[in-house]
Amino acid sequence: MSSRAADDTPADSDARTGDRLRAEGHALVRDRTVYACVMGSRAFGLATEESDTDRRGVYVAPTPMFWRFDKPPSHVDGPAPEQFSWELERFCELALRANPNVLECLHSPLVERIDDTGRELVALRGAFLSRHAHTTFVRYALGQRRKLEADARTHGAPRWKHAMHLLRLLASCRDLLRTGELRIGAGDSRAELLAVKRGEVPWEEVERRMNRLADENDEAARRSPLPPEPDRAAVEDFLVRVRRASAA
């Protein structure tokens, strides 16, 4: 045994393992990304000069990596600042559950990278949509609203940027439930949403708008053209074909 190995502590070993897995994850994002886009304010049409550029993506881990004891990462933070990516299977799982952050990625107008697999994934985006969006979007919004209310109680004001994004999300979900199509842009609401971000709208008025949008979501859910369940079979067929192609 080498003196270095003999001197290693469990913490040293864990650190090296963490470094190795992090490097492996970053390599997957660099070399195996099938779809990448810009999200956040820039995708929603709400960007200002100080806005960050939030990047999201989907990568496909080679099938043989799943045969090891150490499985490939289900998600990767980085390697660039403000960059986050999901492995394809995890992305599909979350999208089938109507996760708001994941579903909106497939509708970004700012696509930076896409290949044939990514194009097929985007073409499938309608298969992920269902009435489950009402529960997941509104539940997420409720959690975010509680945080805003806590900020308002503690600091005298909420985080206005988060309030703006919450209003946009509730409006987006309402329109999805009404039309069956997900549109993530602020559209004609841009000016009033940016006024919220600047703190120019009283918190009581913001709360009133949130309450109104929540009621409109409930009403839209009762009449929605969306199917009760997503098309899991179509998504699974796509995933299996991608895995087989990678294993060949």
(request) Starting at CZ of R174, measure out to NE2 of H134 and round the result to the nearest 0.5 Å. (result) 12.5 Å
(request) Taking atom CZ of R223 as the centre, report whether more than 12 heavy atoms of other residues, nucleotides or ligands fall under 6.0 Å from it. (result) no
(message) Determine whether a donor-acceptor pair (N or O, by modelled atom type, separation under 3.5 Å) exists between the side chain of N211 and the backbone of E207.
(response) yes
(request) Taking all heavy atoms of S130 and all of P230, pick out the closest pair and write down the distance. (result) CB-N, 3.5 Å
(request) Any chance you could measure W160, atom CH2, to L194, atom CG, to the nearest 0.5 Å? (result) 14.0 Å
(request) Determine, for R119 against D116, whether the closest basic-nitrogen to carboxylate-oxygen distance falls under 4.0 angstrom. (result) yes
(message) Within a 6.0 Å radius of atom CG on D188, are there more than 12 heavy atoms belonging to other residues, nucleotides or ligands?
(response) no
(message) In the structure I gave you, are the side-chain heavy atoms of H26 and V29 within less than 4.5 Å of one another anywhere?
(response) no
(request) Count the heavy atoms of every other residue, nucleotide or ligand shown that sit under 6.0 Å from CD of E50, and state whether that count exceeds 12. (result) yes
(message) So P109 and I184, do their side chains get closer than 4.5 Å, heavy atoms only?
(response) yes
(request) Keeping the roles fixed (side chain from T136, backbone from N99), state whether a donor-acceptor pair exists under 3.5 Å. (result) no
(request) Verify side-chain contact (heavy atoms from CB on, under 4.5 Å) between R113 and Y35, making sure each step is shown before the conclusion. (result) CA-CA 5 Å; R113 180 175 173 182; Y35 175 77; over 6 Å; no
(request) Determine, stepwise, if the pair E236 / C92 fulfils side-chain contact (heavy atoms from CB on, under 4.5 Å). (result) CA-CA 9 Å; E236 187 171 56; C92 290; over 6 Å; no
(request) Give the cluster check for V58 versus M65: same hydrophobic cluster or not, with ILVMFWY residues linked at side-chain heavy-atom distances below 4.5 Å. (result) no
(request) Determine yes or no for a side-chain-to-main-chain donor-acceptor pair under 3.5 angstrom, with R131 supplying the side chain and L226 the backbone. (result) yes
(message) Quick check: do R90 and H75 have side-chain heavy atoms less than 4.5 Å from each other?
(response) no
(message) For L28 versus A61, what's the shortest heavy-atom pair and its separation?
(response) CD2-CA, 4.1 Å
(request) Over all heavy atoms of both residues, which pair between T179 and P225 is shortest? Give the atoms and the distance, please. (result) C-CG, 3.8 Å
(request) Would you tell me whether T48 and K197 have side-chain atoms, one donor and one acceptor, within less than 3.5 Å of each other? (result) yes
(message) In the structure I gave you, are the side-chain heavy atoms of H107 and E181 within less than 4.5 Å of one another anywhere?
(response) no
(message) Could you see if V138 belongs to whatever hydrophobic cluster contains L166? Use Ile, Leu, Val, Met, Phe, Trp, Tyr and a side-chain cutoff under 4.5 Å.
(response) no
(request) Give the cluster check for L169 versus M39: same hydrophobic cluster or not, with ILVMFWY residues linked at side-chain heavy-atom distances below 4.5 Å. (result) yes
(message) Could you report the tightest heavy-atom contact between S172 and L182, atom names first, then the distance?
(response) OG-CD1, 3.4 Å
(request) Nearest 0.5 Å please: distance from the CD1 atom of I114 over to the SG atom of C37. (result) 9.5 Å
(request) Begin from the C-alpha positions of E24 and D70 and carry the test side-chain contact (heavy atoms from CB on, under 4.5 Å) through to its verdict. (result) CA-CA 11 Å; E24 187 176 79; D70 291 331; over 6 Å; no
(request) Please list, chain by chain and in numerical order, all residues satisfying side chain to side chain donor-acceptor pair (under 3.5 Å) with T53, sequence neighbours excluded. (result) R42
(message) To the closest 0.5 Å, what do you measure between CZ (F66) and OG (S246)?
(response) 8.5 Å
(message) Is the ring pair F128/F91 parallel, tilted or perpendicular, if the boundaries are 30 and 60 degrees?
(response) perpendicular
(message) Tell me if the NZ atom of K71 is crowded by more than 12 foreign heavy atoms within 6.0 Å.
(response) yes
(message) Taking CZ in R212 as the centre, count heavy atoms belonging to other residues, nucleotides or ligands within less than 6.0 Å. Is the count above 12?
(response) yes
(message) Just verifying a value: how many Å separate T117 OG1 and L88 CG, rounded to the nearest 0.5 Å?
(response) 8.0 Å
(request) Just jot down the side chain to side chain donor-acceptor pair (under 3.5 Å) partners of E120, sequence neighbours excluded, or say none. (result) R241
(request) List in chain and number order the residues that pass side chain to side chain donor-acceptor pair (under 3.5 Å) with Q83, two or more places apart in sequence or in another chain; answer none if no residue qualifies. (result) none
(request) Taking only Lys NZ, Arg NE, NH1 and NH2, and the carboxylate oxygens of Asp or Glu, determine whether R243 and E89 approach each other closer than 4.0 Å. (result) yes
(message) Is there a side-chain contact between F84 and C105 in this structure, where contact means two heavy atoms from C-beta onward sitting under 4.5 Å apart?
(response) no
(request) Quick one: closest heavy-atom pair of V206 and A163, and the distance? (result) CG1-CB, 4.3 Å
(request) State, to 0.1 Å, how close P73 and G25 come at their nearest heavy-atom pair, and which atoms those are. (result) CG-CA, 4.1 Å
(request) Would you indicate whether the side-chain heavy atoms of Y59 and V76 approach each other to under 4.5 Å? (result) yes
(message) Under a 4.0 Å threshold between the charged nitrogen and the carboxylate oxygen, would R168 count as salt-bridged to E104?
(response) yes
(request) State the CG-CE distance between L142 and M210, to the nearest 0.5 angstrom. (result) 11.0 Å
(request) Start with the C-alpha gap between N101 and R56, add the side-chain angles, then the distance that decides, and say whether side-chain contact (heavy atoms from CB on, under 4.5 Å) holds. (result) CA-CA 10 Å; N101 294 320; R56 299 293 179 264; over 6 Å; no
(request) For residues L170 and E216, determine if any side-chain heavy atom of one lies less than 4.5 Å from a side-chain heavy atom of the other. (result) no
(message) Quick check on the hydrophobic clustering: are V38 and V111 connected, directly or via other members, by side-chain heavy-atom contacts under 4.5 Å?
(response) no
(request) State, with a plain yes or no, whether a side-chain heavy atom of S224 is found less than 4.5 Å away from one of L176. (result) no
(request) Answer yes when E149 and R146 have at least one side-chain N-carboxylate O distance shorter than 4.0 Å, and no when they do not. (result) no
